[in-house]
Structure formats: structure tokens, C-alpha cells
> 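This is the structure I have questions about; it appears just below.
Model, not experiment: these values are computed from the prediction.
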Amino acid sequence: GGGGDGGDDGDDGGGNEPPASLPILSIADAAVAEGDTGTVTLTFALTLSEAAADDITVDYQTQDGSAAAGDDYTAAGGMLTIAAGDTAAGIDVAVHGDTVDESDETFTIELLNPSANVLLGTAAATGTITDDDQPPPPAASAAGMNDTGTTRCSTVTANDLACNDTASGTDLYPGQDAERGRDATDGDDGDGAAGFAFLKLDADGDPMPDQSVDYATAPWSCVQDLVTGLVWEIKTQDGGLHDAGWTYSWYRSSGEPLGASNGGDCEDAASCDTEKFVAAVNAAGLCGADDWRLATPKELLSLVHFGAGGAPFIDAGYFPNTAALGHWTGTVGPTGLRPGYVSFAPPRSDFTDPQQALAIRLVREAD
């Protein structure tokens with residue numbers, strides 16, 4: 001009967017202990033700025049939950065996302081070995097630099113076929129190639145807008161106040177025009193008021209050697225806007241072709257004729273309309289050019305300086321002799337019968353009858 005007691009010792013026979021837990025291997029997302037040339041290294045970090053007694057191996061392979069192998073990065077794949085006792089490793093991927101302004105781009109990397117002494121945790125990760133390029137400057141033909149020239153802030157009851165100021169209460173109205181854009185970031189008045197940036201050009205279209213000179217001392221003929229890339233006619237007070245006192249009707253003889261010929265008051269009584277004035281300026285080769293034209297409303301509005309403090313609302317330090325009149329544009333309104341104009345005294349853009357006698361300031365794209 002004693003043999004039955006022997007059965008109580010069966011668990012001591014061994015061989016049925018649960019296996020020891022395996023370390024867990026994971027990979028993390030990574031990012032790097034691409035740079036302009038050559039390559040930079042993006043490193044994916046791998047971690048083990050605990051060290052292994054023996055070497056661990058795992059395969060890896062990259063896959064395209066919005067980033068393309070060969071163009072944006074160098075495809076990577078192979079086997080990685082993590083030495084016994086280590087708990088971290090890295091996989092390097094070469095990222096290609098460029099100077100193209102674009103969105104951030106991504107690709108993925110996946111861990112595959114781990115050795116028997118490791119388990120996979122997070123087995124895939126995303127690599128982000130961060131774009132660090134600036135957008136190109138606006139093309140001259142695109143004529144991007146300047147800022148408004150507003151450098152002071154307001155409350156509900158008062159204007160012309162310091163911005164973000166507790167004493168005046170403007171701190172209660174954050175994010176005003178004067179606190180953002182070129183008015184706030186490029187407010188050096190040495191090249192134009194507030195955020196404007198201009199270059200004075202002589203009669204040949206070359207920059208004046210002394211940009212600080214005043215118009216009465218050394219008149220300039222044109223001004224280049226360094227933000228939009230446009231070049232503008234400067235008005236005079238000499239009774240000549242560009243005199244600020246002359247007016248013009250709006251006229252178009254080609255295509256579908258529109259407007260009134262010679263309806264203004266100018267130097268040549270037979271040429272006082274927009275079409276003939278443009279032809280005369282191009283024939284004279286103002287600032288060495290013969291491609292002058294009427295501006296669009298957007299182009300003329302890019303010169304409006306709302307912070308000027310009074311009419312005319314334009315940087316008079318660069319645009320002297322600006323008429324307190326509407327200035328014709330080359331744009332015809334939706335009815336097809338009324339051309340547009342822009343006024344600097346006060347700022348205004350609208351359409352009117354072509355028989356009106358208004359001012360002109362011609363424009364061209366910089367070479």
C-alpha cells in the first residue's frame with residue numbers, strides 16, 4: 001500500500017517549467033531636416049525590453065511613402081545584429097538634400113524575421129524628411145501684395161495706439177494688422193516706410209548711387225518694388241510727359257473699342273488718353289524700357305500705405321508728386337464698359353466711366 005505515496009512526488013521529476021520570457025524588440029519613428037546638398041543621416045532607434053544572453057538578429061526593409069527612394073532617400077535593407085548584453089541599436093538611412101520648397105515627406109521601415117530569442121513589439125516606424133527650404137520670392141509677373149504699412153494698433157474707441165499695451169488697452173485686442181506680416185518683421189524705414197521695400201532708379205533704369213538722396217536734390221525716374229518685383233513710373237512737376245497734373249480718359253482702340261479718345265488734359269492735347277500715353281512713354285524709353293503698361297487694381301493697391309497718416313496714402317519718400325485723383329488701371333469691370341481705378345486720396349478701388357479724367361501711373365515687370 002505504501003507505493004501510493006510515491007505519486008505525490010511526481011512534480012519533482014522536472015522538465016515542465018514554463019520557458020523564460022523573451023526580450024521584446026521595438027523601433028521608433030524618426031525625423032531629420034533634409035539640408036540643401038549631399039546627404040544627411042536619419043537614424044531609427046531600436047530598443048530591447050531587456051538584454052539577451054545571445055546575439056539577436058532581425059531583418060529590416062524601407063518602403064516608399066510620399067518620399068521616393070533614389071530621389072529623397074537611399075533605400076535600406078538587410079540584417080541587423082544586436083550583440084548579447086546590449087539593449088539598443090540604430091538603423092541609419094541616408095536622406096538626400098535639395099533646395100525645392102515642398103511639403104515634409106515620409107517613408108516607412110519594417111522589422112522582419114526576428115531570431116528565435118526575441119519577440120517583435122513595434123515592428124514598423126515612419127521616417128519623416130522635414131523640408132527646410134524657403135518658398136521662392138514672388139515672380140515679377142505675379143505681383144504679390146505688400147503689407148498695409150499699418151504700424152499702430154486700435155481699440156474699440158481709439159486708434160493710433162501702441163500695440164499690445166496695457167495702458168491703452170490694446171493688449172485686449174491681440175493679433176492686429178500692425179503685429180503681423182512685413183509691417184512687424186521688416187519695418188526698417190531705410191528702404192521704404194513700414195514693411196515696404198523700394199529701390200530708386202535713374203533715367204537709364206539703374207539704381208541711384210545714393211538711395212538716401214531726396215527727390216528735390218537728385219530726382220529719380222522710376223522705383224522698383226523689391227517685394228513685388230514691379231517697376232513704377234515716377235511723376236514730375238515739370239510740365240513734361242510725366243507731369244503729375246495731367247489727366248487722361250480711358251481708351252482702347254483695338255479689339256472691341258471702348259472709352260473716349262483724348263478726353264483728358266495733358267502735354268499733347270491730341271494724346272490725352274490711356275492708350276496714347278502708354279505709347280508715348282514706351283516710345284520715349286522711360287528708364288531704358290519699352291514695355292510699360294497700365295497696372296492692374298491689385299498692383300496699384302500694393303502701393304497703398306494705410307499707415308501714411310494722410311493723403312496721399314503712398315510712401316511719398318519714394319513716390320513724390322502723387323496726384324490726389326483716381327489712377328486708371330488696365331482692368332475692365334464685369335459689365336465690360338467701365339474700367340477700374342485706384343485712388344490714394346483716400347484709398348479706394350472701383351470702376352467708373354471711361355470718359356472720366358483721371359491720373360495714370362504706369363508699371364512694368366523688372367528685367
Side-chain angles (χ1 to χ4, degrees), residues 143 201 203 205 215 219-223 225 230-304 311-316 318-365:
L201 307 179
Y215 185 80
W220 51 92
S221 299
C222 302
V223 163
D225 188 324
L230 296 172
V231 179
W232 294 94
E233 172 201 6
I234 293 300
K235 291 303 188 178
T236 67
Q237 288 185 327
D238 58 6
L241 179 62
H242 306 282
D243 194 282
W246 302 138
T247 59
Y248 308 84
S249 58
W250 199 99
Y251 182 62
R252 178 182 65 201
S253 61
S254 61
E256 183 177 350
L258 175 65
S261 177
N262 306 323
D265 176 23
C266 68
E267 178 188 27
D268 180 357
S271 301
C272 299
D273 61 59
T274 55
E275 184 175 82
K276 295 179 180 64
F277 178 69
V278 171
V281 171
N282 283 324
L286 175 63
C287 292
D290 60 1
D291 55 353
W292 294 94
R293 58 176 174 81
L294 292 174
T296 67
K298 179 180 177 180
E299 290 167 340
L300 275 173
L301 286 169
S302 74
L303 296 179
V304 175
F313 287 82
I314 194 170
D315 189 345
Y318 284 81
F319 295 90
N321 310 319
T322 296
L325 292 172
H327 288 65
W328 284 122
T329 76
T331 301
V332 178
T335 65
L337 299 175
R338 289 159 58 88
Y341 72 91
V342 170
S343 172
F344 298 94
R348 176 180 172 83
S349 178
D350 205 342
F351 299 94
T352 191
D353 296 328
Q355 292 82 5
Q356 294 289 326
L358 299 183
I360 299 177
R361 186 183 298 280
L362 298 185
V363 70
R364 61 179 297 269
E365 284 80 18

> Between Thr247 and Asp265 (side chain of the first, backbone of the second, donor and acceptor by atom type, cut-off under 3.5 Å), is there such a pair?
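Checking the backbone N and O of Asp265 against the side chain of Thr247, a donor-acceptor pair under 3.5 Å is found.
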
> Once you round to the nearest 0.5 Å, how far does CG of Leu286 lie from CG of Leu362?
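Those atoms lie 8.0 Å apart.
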
> Grab the two heavy atoms, one from Asn262 and one from Asp273, that are nearest each other, plus how far apart they are.
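For Asn262 versus Asp273, the nearest heavy atoms are N-OD2, 3.0 Å.
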
> Do Thr331 and Lys298 meet the criterion of a side-chain donor-acceptor pair at a distance under 3.5 Å?
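No - no donor-acceptor pair under 3.5 Å links their side chains.
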
> Is Trp292 close to Val231 at the side-chain level, that is, under 4.5 Å between some pair of heavy atoms?
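Val231 reaches Trp292 side chain to side chain.
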
> Going from CG on Asp225 to CG on Leu303, what distance comes out if it is rounded to the nearest 0.5 angstrom?
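Asp225 CG to Leu303 CG: 6.5 Å, rounded to 0.5 Å.
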
> Verify side chain to side chain contact (heavy atoms under 4.5 Å, CB included) between Ser221 and Ile234, making sure each step is shown before the conclusion.
CA-CA 5 Å; Ser221 299; Ile234 293 300; 5.8 Å; no

> With a 4.0 Å cut-off on N to O distance, would you call Asp243 and Lys235 a salt bridge?
no

> Hey, is the main chain of Gly240 close enough, under 3.5 Å, to the side chain of Asp238 for a donor-acceptor pair?
yes

> Report the residue from Thr329, Leu300, Ile360 that forms a side chain to side chain contact (heavy atoms under 4.5 Å, CB included) with Leu294.
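Only match with Leu294 under side chain to side chain contact (heavy atoms under 4.5 Å, CB included): Ile360.
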
> Keeping Glu275 on the side-chain end and Ser253 on the backbone end, is there a donor-acceptor pair under 3.5 Å?
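Yes.
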
> If every non-hydrogen atom of Gly263 is compared with every non-hydrogen atom of Ala357, which pair is closest and at what distance?
O-CB, 4.3 Å

> Kindly say whether Pro312 contributes a backbone atom to a donor-acceptor pair with the side chain of Thr322 at under 3.5 angstrom?
no

> Start with the C-alpha distance between Leu337 and Phe351, add both sets of side-chain angles, then the distance that settles side chain to side chain contact (heavy atoms under 4.5 Å, CB included), and finish with yes or no.
CA-CA 9 Å; Leu337 299 175; Phe351 299 94; over 6 Å; no

> Heavy atoms only: give me the nearest Lys276-Ser261 pair and the separation to one decimal.
NZ-OG, 2.9 Å

> Working to the nearest 0.5 angstrom, can you tell me the gap between Thr296 OG1 and Leu230 CG?
8.0 Å

> Report the distance from atom CD1 of Ile314 to atom CZ of Phe344, rounding to the nearest 0.5 Å.
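Here the rounded value is 4.0 Å.
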
> Is there a donor-acceptor contact under 3.5 Å from the side chain of Trp220 to the main chain of Tyr318?
yes

> Distance from Glu365 atom CD to Glu299 atom CD, nearest 0.5 Å?
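Those atoms lie 6.5 Å apart.
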
> Please report the closest heavy-atom contact between Ala323 and Ala359, naming both atoms and the distance.
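So the minimum-distance heavy-atom pair works out to CB-CB, 4.1 Å.
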
> Which of parallel (below 30°), tilted (30 to 60°) and perpendicular (above 60°) describes Phe277 and Tyr248?
tilted

> Closer than 3.5 angstrom, by distance alone: can the side chain of Ser349 be matched with the main-chain N or O of Val342 as a donor-acceptor pair?
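Flag not set: sc Ser349 to bb Val342 has no pair under 3.5 Å.
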
> Parallel, tilted or perpendicular: which describes the rings of Trp250 and Trp328, with under 30° parallel and over 60° perpendicular?
perpendicular

> Which of these passes side chain to side chain donor-acceptor pair (under 3.5 Å) with Glu233: Arg364, His242, Arg361?
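Going through Arg364, His242, Arg361 one by one, the side chain to side chain donor-acceptor pair (under 3.5 Å) with Glu233 is satisfied by His242 alone.
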
> Decide yes or no on side chain to side chain contact (heavy atoms under 4.5 Å, CB included) for Arg252 and Val332, but give the supporting numbers first.
CA-CA 11 Å; Arg252 178 182 65 201; Val332 178; 4.0 Å; yes

> Quick one: closest heavy-atom pair of Trp246 and Gly239, and the distance?
CZ2-O, 3.4 Å

> Quick check for you: to the nearest 0.5 Å, what is the distance between Gln356 atom CD and Arg338 atom CZ?
9.0 Å

> Verify, without hydrogens or angle tests, whether Asn282 (side chain) and Asp291 (backbone) share a donor-acceptor contact under 3.5 angstrom.
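Side chain of Asn282 to backbone of Asp291, a donor-acceptor pair under 3.5 Å: yes, one is there.
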
